[in-house]
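First the proteins, then the strands, lettered A, B, ... as listed; each starts at 1. Scope of the values below: all heavy atoms of this structure, side chains included, with no hydrogens, waters or symmetry mates.
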Protein chains: 2
Amino acid sequence: MKENCTIYNTIDIISKKWTLLIILSIHKGTNNTKRYSEIKKDMSGITSKILSLRLKELEKEGVINRKIDDIKIPIKVYYSLTDSGKDLLKIIQDIKIWGLKWKKQSKLTTRICNRTICKDCNI
Amino acid sequence: MKENCTIYNTIDIISKKWTLLIILSIHKGTNNTKRYSEIKKDMSGITSKILSLRLKELEKEGVINRKIDDIKIPIKVYYSLTDSGKDLLKIIQDIKIWGLKWKKQSKLTTRICNRTICKDCNI
DNA sequence: CAGGATCCAAAAGGATACTG
DNA sequence: CAGTATCCTTTTGGATCCTG
C-alpha cells in the first residue's frame, strides 16, 4: 500500500512540518518569489536547518525553484513556486477552508486567521 | 504563528501517518461505515496500536463517529464519517489528483493507483 | 547571506504480548 | 473482537556554532 498509493506518497511530501507554510510564504512574495531570509522571517520559530532542509526537499520534488545570484557578495537566493507548487495553493486553501468551517470553534481565539484572505497566510 | 494559523493547525490534524487512508477506508464501507478489524485489514502494515490511536484522535476531532455494539460477544465497533469527515474526501481527492498529475512520473510503477476511481483507494 | 555541521531532545511509530 | 501495555527503534526537529 505504502509504495503504490498516490495519496500515501503525496501526503508524505506535503505533510511535513512547515512545508505548506513555506509554500505560502513564497507565494506571498513578489512574483511568487522570495529570498531565504525573507521566508525565515515569515516563519516565526523555524530554524535555518529545518528551513534549508524543507527547501531542498521541495526543490527535489519539483515544487519550488531555486535561483542563486552570486554575482556580488553577499549572495542572494531566490525561491519561487513551480507550476506544481502553484497547483498546491488550491489544496492549501481548501485545507484552510475546511479548518475554518469545522475547527474554528475548537481551539479558538479571535486571533485565528478567519478572513477570506488571511492576514497571516495571505490565502 | 503556530497557535493562530488555521492551516498549520489543520495540517496537524490530517497529516499524521495513516490518517487520510483510514478516512478513505471508512468511506469505502457500506454507508460510510466500517469495523475496526475491516479497517485494519485494509491498511496493510498498520499496527493495532497506531490504528486505535488514530481512530481516537479522529473521533476527538469530530471527523469520525464510533458506535459500539456490545450486546453480544464478541463486541463489534463501527466507525463512520461525520459530516466534517465527509468534507475531507474532497481534499483527499484533490491531493490524489495533484499526485497523479505531478508525481506520477517520479516514483512510478504501473501498480500505482492511477484510475479516476482507484482500485486501492476507491476515490 | 545562505546555509552546513554537530549534538541532543522529543515524538512518532513499530514489534510483541496480552486481555475483557 | 477491539483494543492496551510495554518496550524499543527510528525519525524529526531544535539549539548552537561555524563559514565561504
Between [N] ([atom2]) and [X] ([atom1]): distance, integer Å:
{"X": "A:M43", "N": "C:dG3", "atom1": "CE", "atom2": "P", "value": "15 Å"}
{"X": "A:I46", "N": "D:dT12", "atom1": "CD1", "atom2": "P", "value": "15 Å"}
{"X": "A:I64", "N": "C:dA2", "atom1": "CD1", "atom2": "P", "value": "13 Å"}
{"X": "A:I50", "N": "C:dA5", "atom1": "CD1", "atom2": "P", "value": "15 Å"}
{"X": "A:K40", "N": "D:dG14", "atom1": "NZ", "atom2": "P", "value": "12 Å"}
{"X": "A:E57", "N": "C:dG3", "atom1": "CD", "atom2": "P", "value": "14 Å"}
{"X": "A:L51", "N": "C:dA2", "atom1": "CG", "atom2": "P", "value": "10 Å"}

Exercise. Checking A:Y79 side chain against A:E59 main chain: does a donor-acceptor pair fall under 3.5 Å?
Worked result: no
Seminar exercise, completed: Letter by letter from the 5' end, nucleotides 1-7 of chain D scores (B base, S sugar-phosphate only, - none; protein heavy atoms under 4.0 Å) SSBB-BB
Exercise. Would you call A:D42-A:K28 a salt bridge at under 4.0 Å N-O?
Worked result: yes
Problem set entry | Pair A:K90 + B:D94: basic N to acidic O under 4.0 Å | no
Exercise. Got a sec, which residues hit side-chain hydrogen bond (donor to acceptor under 3.5 Å, both in side chains) with A:S84, two or more places apart in sequence or on another chain?
Worked result: A:T82
For this session: Could I get the full list of side-chain hydrogen bond (donor to acceptor under 3.5 Å, both in side chains) partners for B:T33, not counting sequence neighbours?
Result: none
Exercise. Is the shortest side-chain N/O distance from B:K17 to OP1 or OP2 of D:dT11 below 4.0 Å?
Worked result: no
Problem set entry | Side chains of B:D87 and B:V63 in contact at under 4.5 Å (non-hydrogen atoms) | no
